Protein chains: 2
Amino acid sequence: MPHRAQSGGLAPVISIRDLKVHCSTCSMRELCLPMGLGAAELAQVDALLGTRVKLHKGDTLYRAGEPFTALYAIRIGSLKTTVLAEDGREQVSGYHMLGDMIGLDGIVADRHGCQAMALEDTEVCVLPLQRIEDIARAVPPLRQNLLRLMSKEIARDQNVMLLLGSMRADERLAVFLLSLAERYKQRGYSSTEFVLRMTREEIGSYLGLKLETVSRLFSRFQDEGLIQVQGRAVKLLDPVALKQVVGQRG
Amino acid sequence: MPHRAQSGGLAPVISIRDLKVHCSTCSMRELCLPMGLGAAELAQVDALLGTRVKLHKGDTLYRAGEPFTALYAIRIGSLKTTVLAEDGREQVSGYHMLGDMIGLDGIVADRHGCQAMALEDTEVCVLPLQRIEDIARAVPPLRQNLLRLMSKEIARDQNVMLLLGSMRADERLAVFLLSLAERYKQRGYSSTEFVLRMTREEIGSYLGLKLETVSRLFSRFQDEGLIQVQGRAVKLLDPVALKQVVGQRG
DNA sequence: CGACTAGTTGAGGCCAGTCAATGTTGGTGG
DNA sequence: CCACCAACATTGACTGGCCTCAACTAGTCG
């Protein structure tokens with residue numbers, strides 16, 4: 001099902017003006033593409049941005065193989081990206097929350113290399129492809145930021161490779177929880193208490209594990225007093241001990 | 001041990017002039033950063049490039065944590081990049097051959113996120129960081145190419161994640177061999193017969209396997225008539241069947 | 001209320017890891 | 001040139017961690 005520009009039967013509680021994106025008033029601007037820009041530059045970026053898109057839980061923002069037309073910055077909510085093998089196998093390649101940019105992999109072939117799906121009701125800012133070049137020309141620091149974001153994505157992917165290639169199941173889950181905690185913290189949320197937006201199966205797919213293994217590990221971590229789990233609600237009781245899970249024998 | 005600008009006791013068999021890099025005369029230019037550029041633009045890039053660096057087998061081009069000063073384009077030879085976990089664990093994150101660009105992960109933090117080591121005698125072109133901005137300003141198509149290369153790296157990493165997260169050992173090795181074959185082909189070499197530049201352990205590290213497993217799989221593939229192996233010399237006898245290894249049960 | 005999805009837990013099997021012995025290769029120096 | 005050594009590679013026996021299959025529970029939504 002394609003994404004929709006507006007949610008179904010809800011009366012609009014926000015004005016038309018708000019529907020236009022403004023980096024200058026966005027709380028995520030220091031994590032997002034315009035990080036570090038001055039007021040004048042921000043105004044330029046505002047003028048170049050497209051509209052925002054609203055997604056409901058389960059909506060797809062783009063699919064693998066579709067023409068690459070824009071990058072997206074997440075304003076509210078979260079998405080997962082999944083890569084598909086030729087034989088239909090599917091793997092979650094990332095979880096993305098507010099302030100993150102997605103779609104960076106599409107530039108190479110003018111087609112998206114993966115699929116992006118909303119894990120909850122979500123809003124993204126659209127950066128149309130044609131305008132990215134304009135932006136890059138007009139605002140040099142922004143060009144730098146774009147490179148940085150891509151570079152950051154590469155560094156992140158390499159860490160996931162390290163996780164998938166060399167860690168045991170319990171280490172993977174510990175790293176996953178700690179990395180979520182860190183990202184929530186950066187965004188001003190609690191780093192010890194949060195609600196997972198994805199299923200056990202999706203976590204497993206991301207970590208190269210089966211859902212039963214993930215479930216068992218949650219139970220085990222709880223038994224060991226490291227965390228408290230109630231469905232998708234997670235509380236990190238002992239982050240230090242959780243860190244120690246990573247990198248130790250047995 | 002740091003890299004050296006020139007090899008030890010050898011009399012120079014190439015002229016000084018050749019030591020300066022020239023994209024316009026480089027056979028890799030259509031795979032490398034200047035792909036698709038016109039003659040005038042090539043000349044501009046030539047003027048911006050730094051010198052080349054020679055590495056011997058085992059030499060390190062850069063280490064994780066070192067200040068990021070340049071990107072590198074491989075002229076001759078090959079390198080491996082490895083990421084390190086805090087606990088000292090190490091994983092090969094990529095094999096890179098002539099025409100490839102490396103160091104792209106360093107932009108984010110002004111520090112390299114991984115280590116690059118030569119697998120054989122190797123020469124790389126140096127693109128000093130300060131000049132990358134100049135290049136991007138002066139030659140718009142080159143800016144586009146830089147983005148494309150980074151995007152390609154992201155897409156590649158995601159495929160590795162798919163491999164590590166969802167494939168059995170034999171599938172991983174088959175994918176690895178086929179991807180090497182493809183890359184040799186793109187560079188004008190035989191796609192069915194080549195010499196591996198890395199040890200079984202390094203292959204295993206890249207694929208998330210132990211060296212014994214890699215060795216056993218080479219033997220098994222040979223028994224099944226898929227390949228012929230003699231140490232590091234590999235001949236793909238039945239690439240089609242090798243492709244079929246990927247994605248089938250048992 | 002029934003159908004469905006998500007999650008938990010148990011029993012058993014298998015793939016890849018571990019440990020160990022042996023063979024092979026390539027570089028070095030006498 | 002060859003003997004030597006260290007690094008690399010192969011193969012076997014055994015182990016164990018994660019997967020598979022399966023049963024059951026708890027929410028959720030028509």
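In what follows, chains carry the letters A, B, and so on, assigned in the order in which the sequence lines appear, proteins first and then strands, with residues in each chain numbered from 1. Source: prediction; values computed, not measured.
- The existence of a salt bridge linking B:D100 and B:R183 is confirmed by a sub-4.0 Å separation between a basic side-chain nitrogen and an acidic carboxylate oxygen.
- Overall, the helix from C:dC1-D:dG30 to C:dG30-D:dC1 carries an axis bend of 40° between its ends, with five pairs at each end and the value rounded to 10°.
- For residues 150-167 of chain B, the side chain to side chain donor-acceptor pair (under 3.5 Å) pairs, not counting sequence neighbours, are B:E153-B:R156, B:R156-B:Y206.
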Throw together a table of side-chain donor-acceptor distances under 3.5 angstrom for residues 221-233 of chain B, partners on residues two or more places apart or in other chains.
unit_1	atom_1	unit_2	atom_2	d
B:Q222	OE1	B:V229	N	2.9
B:E224	OE2	B:R220	NE	3.2

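- Distance CG (B:L196) to P (C:dT25): 15 Å, rounded to an integer number of Å.
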Give every donor-acceptor pair under 3.5 Å between a side-chain atom in residues 112-120 of chain A and any protein atom, sequence neighbours left out.
unit_1	atom_1	unit_2	atom_2	d
A:E120	OE1	A:R197	NE	3.4
A:E120	OE1	A:R197	NH1	3.2
A:E120	OE2	A:S78	N	3.3
A:E120	OE2	A:S78	OG	2.5

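- The CG atom of A:D170 sits 11 Å away from the C1' atom of D:dC18 (whole-angstrom rounding).
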Nucleotide N/O to protein N/O under 3.5 Å, stretch nucleotides 2-9 of chain D:
unit_1	atom_1	unit_2	atom_2	d
D:dA9	OP1	B:R232	NE	3.0
D:dA9	OP2	B:R200	N	2.8

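- The nearest whole Å value for the distance from the CD atom in B:Q222 to the P atom in D:dT11 is 9 Å.
- The separation between A:K210 atom NZ and D:dG17 atom C1' is 15 Å, rounded to whole Å.
- Judged purely by atom type and a 3.5 angstrom limit, A:T192 has no side-chain atom pairing as donor or acceptor with the backbone of A:K235.
- Contacts of B:G208 with the nucleic acid, taken as non-hydrogen atoms under 4.0 Å apart, involve only primed sugar atoms and P, OP1 or OP2.
- Evaluation of the side-chain contact (heavy atoms from CB on, under 4.5 Å) rule for A:R111 yields A:P67 as partners, not counting sequence neighbours.
- Phosphate contact (OP1/OP2 of D:dC18, side-chain N/O of A:T213, threshold under 4.0 Å): absent.
- The CG atom of B:L31 lies 11.5 Å from the CD1 atom of B:I74; values are rounded to the nearest 0.5 Å.
- Scanning residues 171-181 of chain B for heavy-atom distances under 4.0 Å to DNA chain D yields an empty list.
- The backbone N or O of B:L98 lies less than 3.5 Å from a partner atom in the side chain of B:R187, making a donor-acceptor pair.
- Residues forming a side-chain contact (heavy atoms from CB on, under 4.5 Å) with A:A181 (at least two apart in sequence, or on another chain): A:S191, A:F194, A:L236.
- Listed here is the closest heavy atom pair of B:V214 and B:G204: CG2-CA, 3.6 Å.
- In this structure, A:D121 contributes its side chain and A:H56 its backbone to no donor-acceptor pair below 3.5 Å.
- By the side-chain hydrogen bond (donor to acceptor under 3.5 Å, both in side chains) test, B:T122 pairs with no residue at all, sequence neighbours left out.
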Sub-3.5 Å pairs of nitrogen or oxygen atoms, protein against nucleotides 27-30 of chain D:
none

With a 3.5 Å cut-off and sequence neighbours excluded, list the donor-acceptor pairs that the side chains of residues 171-179 of chain B form with protein atoms.
unit_1	atom_1	unit_2	atom_2	d
B:E171	OE1	A:R89	NH1	3.2
B:E171	OE1	B:R168	N	2.9
B:E171	OE2	A:R89	NH1	3.2
B:E171	OE2	A:R89	NH2	2.7
B:E171	OE2	B:G247	N	2.6
B:R172	NE	B:M167	O	2.8
B:R172	NH1	B:L207	O	2.8
B:R172	NH2	B:L164	O	3.2
B:R172	NH2	B:M167	O	3.1

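- Atoms CG (A:L217) and P (D:dG17) sit 12 Å apart, rounded to a whole Å.
- Other residues, nucleotides and ligands place more than 12 heavy atoms under 6.0 Å from the CD atom of B:E90.
- For B:D223 and D:dT10, the CG to C1' distance is 12 Å, given to the nearest whole Å.
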Between protein and nucleotides 21-26 of chain D, what N or O pairs are separated by less than 3.5 Å?
unit_1	atom_1	unit_2	atom_2	d
D:dC21	N4	A:E212	OE2	3.2

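- What separates CE of B:M167 from P of D:dC19 is a distance of 16 Å, to the nearest Å.
- Ring pair B:Y62/B:Y72 is parallel by interplanar angle, where below 30° counts as parallel and above 60° as perpendicular.
- A pairwise comparison of heavy atoms in A:A73 and A:M101 identifies CB-SD, 3.9 Å as the closest pair.
- Rounded to whole Å, atom P of D:dT10 lies 8 Å from atom CZ of B:F218.
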